[in-house]
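Here is the structure we will look at, set down as structure tokens.
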Amino acid sequence: MKHQVAEILSEVIDQFKQEGILEASFQPRVNVENTRDKSHGDFATNLAMMLTKIIGKPPREIADMIVARLPESEVIEKVEIAGPGFINFFVLDVAKFNVLPTILEAGDAFGECNVGQGRSVLVEYVSANPTGPLHVGHGRGAAYGASVASLLSKAGFQVSREYYVNDAGRQMDILAASTWLRYLQHCGEELTFPSNGYKGDYIFDIAQSLYEEKGDALRKSAQVVFEGVAKDETTNAAGETQGDKEKHIDGLIEQAKSLLGETHYRLVFEKALDVILGDIREDLAEFGVEFENWFSERSLMDSGVIDAALEKLQAAGKIYEKNGALWFKSSEYGDEKDRVVVRDNGLKTYFASDIAYHFNKLERGFDVLIDIWGSDHHGYVPRVKAAMQAMETNPDALEVLLVQFAVLYRGGEKLSMSTRSGQFVTLRELRDEVGADAARFFYVQRKSEQHMDFDLDLAKSKSNENPVYYIQYAHARICQVLSLAEERGYALDTEMGLANLSRLTLEPEADLATLLGKYPEIIARAAQVYEPHQIAYYLKELAHGLHAYYNSTQFIVEYEPLRNARLTLVVAVRQVLKNGLELLSVAAPEKM
RNA sequence: GCGCCCAUAGCUCAACUGGAUAGAGCAUCGCCCUUCUAAGGCGAGGGUUUCAGGUUCGAGUCCUGAUGGGCGUACCA
């Protein structure tokens, strides 16, 4: 509908060119927008104002010139010039209802568009370290990433979803060591758990399961384990700190490796990784968050991709040596300084893995790469982009979307979170407490770059305080009305309904039709700017339209043509509500 | 110190990417269930869009500066 208006306007521009009012080469951006106020019609254009400078006449005069040249249209009822020079278009009610047969025919596919033009896109999200269960902070990235991926898929992109598993590096060694120490405690060894180890309860569970499988096979005396290890950081009564928690934990990792030997150390390591990653997968699946691919960081090392990527940078002359380490010249691409990729001890940095990972993504042939990160990683963006530029001609292939932290409140109090200390609210707890639907909706309701307050009590309340139920209720209401109609022997005759749409003359009916017509446009816009919250707001608006209609009008009336027309309208609303909710992975229940 | 993000009704957030009188929900106050689900509807009050400048026909939106908050500034992952 909107582009029909835009077409009409570009015809006028051609007319202007023929008359010599505008130069033939002139290419204006024809801007047609939905009006905010119904008294301004359905669509408005600021074209007259845009042309004031070029034509050199006041906007309202130009508006007159445009209106005088508007071609005949079957959808436009009238046109008005208003305000500083807006041209408002009023759409015929009949034309508004044209969208209904389209919706019924397209069904679940209604709203899909082709802004992606089949381009392939890799969306990488969550990618939390497998060192503990997901907490509510990860939940936002999960909900946002999943919704963005769905959105892009509806908008004509070939979407792949990927989780990057950081299954290598020091954090994982700390996890393995933590698990082993808990295991030793389980065996009956007395020891003081390192202050820098992973203290969460889930480590006990893994250790116990390890003990059940292996018995005492991995047991070493605690005395031997802690022998020669640097002292842990402690604070005495006077408040003075002593020791070094980093050296302490590193020492314990070394002990674990040498005392257990490669095979047994690996066993503990894999056990912890498997259990935690399995838990994360299950957690996300229950949250409606799926991935086609779980990409292992270790596989990068094993397959030599890291070396290949570094060689590529080296060949491009972007690697140099300083102080025994290898540096990447990221500052040449706008990063604030150069970055180390291989440390002086010969170990590759995490950044080297990440360069390789993105190198690998490009090699897999994606047109667009999207990374969804927590905002605490924002400082990391320039160096990864720098690496992309050094490797690839198109730096815009990578889009990093940052998600702000969610601050959790319960009973008006802020809850803090830290995986290391084991003090956090897990995503699973959140789902148990408020339900997956409410959680998904709450997360995705906010713009991703907006700092978010997540009030657990509010999310839990199953009242109109929670918008997700408002939308689901609209869907359920429609279902109930239809089944009641059927019970009364008034089964819906869609064909008759579509043939009688002209009987829908009430204001809420036209409003609903207008809203339904906007859905595809909302999808396209939301996809272009990666903003699934626009879907959430649209659904609230559509649900409101339905509730208002429901309260003002009886659908199941005696007169058959009118009844079927109304029920057909309502069925179309139900379809769009369902499509939108599905996009956000929120259930569309038939009764509540 | 430097860099990135944010600031809109009492609270939580929108505002179609520069458009018309800045909108929703919650909270507050009225009204509407012998009717297809009241988890609903209708209405009222509530604003110097943090502040000060600038750009232009037009600014919550863009630019500069200030204030307040979040985050980042590793040869950690």
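Below, chain A is the first sequence line, B the second, and so on; all start at residue 1.
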Checklist entry - Can you check B/C33 for me, syn or anti if syn means within 90° of 0? => result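 In terms of base orientation relative to the sugar, B/C33 is syn.
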Checklist entry - Under the rule syn = chi within 90° of 0, otherwise anti, which is B/U67? => result anti
Next on the checklist: Would A/H40 count as stacking on B/A20 if stacking means ring centres less than 5.5 angstrom apart and planes tilted under 30 degrees?
Outcome noted: yes
Checklist entry - Does the side-chain ring of A/F86 lie flat on the base of B/G19, meaning centres under 5.5 Å and planes less than 30 degrees apart? => result no
Any donor-acceptor pair, under 3.5 Å, between the side chain of [X] and the base of [N], if you only look at N and O atoms?
| X | N | value |
| --- | --- | --- |
| A/N88 | B/A20 | yes |
| A/H451 | B/G69 | yes |
| A/D376 | B/G72 | no |

Nearest-angstrom distance from the residue atom [atom1] of [X] to [atom2] of [N]:
| X | N | atom1 | atom2 | value |
| --- | --- | --- | --- | --- |
| A/D37 | B/A24 | CG | P | 11 Å |
| A/W373 | B/A77 | CH2 | P | 16 Å |
| A/N46 | B/U56 | CG | C1' | 14 Å |
| A/E336 | B/G1 | CD | P | 16 Å |
| A/L47 | B/G19 | CG | C1' | 14 Å |
| A/I87 | B/G19 | CD1 | C1' | 14 Å |
| A/I556 | B/C36 | CD1 | P | 8 Å |
| A/I249 | B/A77 | CD1 | P | 15 Å |

Any side-chain N or O of [X] under 4.0 Å from OP1/OP2 of [N]?
| X | N | result |
| --- | --- | --- |
| A/H547 | B/A39 | no |
| A/Q450 | B/A14 | yes |
| A/K540 | B/C13 | no |
| A/K518 | B/C16 | no |
| A/Y380 | B/G3 | no |
| A/R36 | B/A15 | no |
| A/Y550 | B/A38 | yes |
| A/R477 | B/A38 | yes |

Take atom [atom1] in [N] and the same atom in [M], then report the distance between them in whole Å.
| N | M | atom1 | result |
| --- | --- | --- | --- |
| B/U21 | B/C13 | P | 28 Å |
| B/G60 | B/G18 | C1' | 11 Å |
| B/A15 | B/A7 | C1' | 16 Å |
| B/G25 | B/U67 | P | 38 Å |
| B/C16 | B/C29 | C1' | 33 Å |
| B/U34 | B/A39 | C1' | 23 Å |
| B/G19 | B/U56 | C1' | 13 Å |
| B/G68 | B/U8 | C1' | 15 Å |

Name the closest nucleotide to the [X] side chain, picking from [options].
| X | options | result |
| --- | --- | --- |
| A/N34 | B/C16, B/C13, B/A77 | B/C16 |
| A/M49 | B/G41, B/A39, B/C57 | B/C57 |
| A/Q534 | B/G19, B/U17, B/A77 | B/U17 |
| A/R170 | B/C42, B/A77, B/U37 | B/A77 |
| A/M592 | B/A74, B/A39, B/G40 | B/A39 |
| A/H533 | B/U73, B/A15, B/G40 | B/A15 |
| A/K53 | B/A74, B/A20, B/C57 | B/C57 |

Checklist entry - In this structure, are over 12 heavy atoms from other groups packed under 6.0 Å from A/K329 atom NZ? => result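 Correct, the count exceeds 12.
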In Watson-Crick or G-U wobble terms, both distances under 3.5 Å, what is the partner of [N]?
| N | answer |
| --- | --- |
| B/C57 | B/G19 |
| B/G65 | B/C51 |
| B/C2 | B/G72 |
| B/C26 | B/G10 |

Base, sugar-phosphate, or nothing for [X], non-hydrogen atoms under 4.0 angstrom?
| X | result |
| --- | --- |
| A/E531 | base |
| A/V341 | nothing |
| A/S375 | sugar-phosphate |
| A/A474 | nothing |
| A/K2 | nothing |

Next on the checklist: Taking the ring of A/Y519 and the ring of A/Y538, is the distance between their centroids below 6.0 Å?
Outcome noted: yes
Checklist entry - What do the steps show when you test A/K322 against A/D338 for salt bridge (charged side-chain N to carboxylate O under 4.0 Å, His left out), and what is the final call? => result CA-CA 11 Å; A/K322 193 178 93 183; A/D338 293 343; over 6 Å; no
Do [Y] and [X] meet the salt-bridge criterion of a basic N to acidic O distance under 4.0 Å?
| X | Y | answer |
| --- | --- | --- |
| A/K96 | A/D42 | yes |
| A/D511 | A/K38 | yes |
| A/E521 | A/K2 | yes |

Next on the checklist: On RNA chain B, compare the nucleotides closest to A/N323 and A/Q554; which residue's is nearer the 5' end?
Outcome noted: A/Q554
Checklist entry - More 5' along RNA chain B: A/F43 or A/H378, using each one's nearest nucleotide? => result A/H378
Item to check | A/R563 charged N/C atom sitting above A/F555 aromatic ring, 6.0 Å / 45° | outcome: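 Not satisfied by the 6.0 Å and 45° rule.
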Next on the checklist: I want to check a possible cation-pi pair here: A/R477 against A/Y550, using under 6.0 Å from ring centre and within 45° of the ring axis as the test.
Outcome noted: yes
Checklist outcome for this item: Heavy-atom closest pair (A/R488 atom, A/I556 atom, distance to 0.1 Å) is NH1-CG2, 4.1 Å
Checklist outcome for this item: Nearest heavy-atom contact between A/S147 and A/L584 is OG-CD2, 4.0 Å
